[in-house]
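Each chain gets a letter, A, B and so on, in the order the sequences are listed, and its residues count up from 1. Heavy-atom basis, side chains included; hydrogens, waters and symmetry copies ignored.
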2 protein chains.
Amino acid sequence: MVKRRKSKVVPPPSTCLLRECTRLISGAWTADVIWYLHEGERCFTELQTDLQGVSAKMLTIRLRKLEQDGVVQRLTKLTAPPTVWYSLTSAGHELCGALTNVVEIAQRLKRAQAVGA
Amino acid sequence: MVKRRKSKVVPPPSTCLLRECTRLISGAWTADVIWYLHEGERCFTELQTDLQGVSAKMLTIRLRKLEQDGVVQRLTKLTAPPTVWYSLTSAGHELCGALTNVVEIAQRLKRAQAVGA
DNA sequence: CTGTATCCTTGGCGATACTG
DNA sequence: CAGTATCGCCAAGGATACAG
């Protein structure tokens, strides 16, 4: 059953250019995954440790989405206990760099706020 | 009543540096507000029109938060029907620039994805 | 080890009505 | 015009258990 009250799930494409793009880094843990992957190749449990508090479910979802978006690469190594390694693509590294700029500005704003208030 | 089951609202400050920063641009319409404000000073209803679909409540919340974060400025003009003008601070413009970089990368990734799939 | 499936809670956000 | 207050829905995401 669809159950639409008015017209909820309406994606007006005009103003959504930005939203489509911010969707790339939206969601809990997304930025964190990119951040920790920037430090180098990591396997699943390592990431889960790094992100301290993320559930396996969310980590999987985020990694799948980022892989699909071309931000991270998945590499299965057929070792005795098979492990999977994740790393950033070149675009992923670029994205991380751009994100870093945002973070810097955010930090500066936070400091300014702390001084001001 | 606080009602904690395990230890839900735990804000471990170590890994949360990034989250604190991404929090700045998180939430529906936040990026859009910054985006449209970048084009110049806008009043409340103009923004509401620009953002096509935002409720007054959310717009107010976003503007208040962005103002509090030092991203936007609020200026009340005591005209006959009093109007309020919003604009980006200098930091806000920087933030918008940084966001633009992210958007560019996101667009490129989207094109690559369209080609690849 | 690396996930996947299910259940359940929380709060983000839309809708609506009211105020100065 | 520029908000504020209240209600309610729904989806994001945490917890847990299970699978390859």
What donor-acceptor contacts under 3.5 angstrom involve side-chain atoms of residues 63-73 of chain A, with partners at least two apart or in another chain?
from, atom 1, to, atom 2, distance (Å)
A:Lys65, NZ, A:Asp69, OD2, 2.8

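Pairs engaging residues 95-104 of chain A under the salt bridge (charged side-chain N to carboxylate O under 4.0 Å, His left out) rule: none recorded [sequence neighbours left out]. Note on residues 75-85 of chain A: no pairs pass salt bridge (charged side-chain N to carboxylate O under 4.0 Å, His left out), not counting sequence neighbours. Annotation: side chain to side chain donor-acceptor pair (under 3.5 Å) contacts involving residues 37-46 of chain B, sequence neighbours excluded, comprise B:Arg42-B:Asp50. Residue pairs satisfying the salt bridge (charged side-chain N to carboxylate O under 4.0 Å, His left out) criterion with at least one member in residues 81-101 of chain A, sequence neighbours excluded, are listed as follows: A:Glu94-B:Arg108.
Residues satisfying the salt bridge (Lys or Arg N to Asp or Glu O under 4.0 Å) test with A:Lys57, not counting sequence neighbours, are none. Take A:Arg111 and apply the salt bridge (Lys or Arg N to Asp or Glu O under 4.0 Å) test, not counting sequence neighbours, and it matches no residue. For B:Ala28, the side chain to side chain contact (heavy atoms under 4.5 Å, CB included) partners are A:Arg19, not counting sequence neighbours.
One end of the helix from C:dC1-D:dG20 to C:dG20-D:dC1 points its axis 50° away from the other end's axis, with each axis taken from 5 pairs and the angle rounded to 10°.
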Anything under 3.5 Å between a protein N or O and an N or O of nucleotides 17-20 of chain C, put it in a table, one pair a line.
none

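For the segment residues 60-67 of chain A, the set of residues with a heavy atom within less than 4.0 Å of an atom of DNA chain C comprises A:Thr60, A:Arg64, in numerical order. Residues from residues 68-77 of chain B lying near DNA chain C, meaning a heavy-atom separation below 4.0 Å, are absent.
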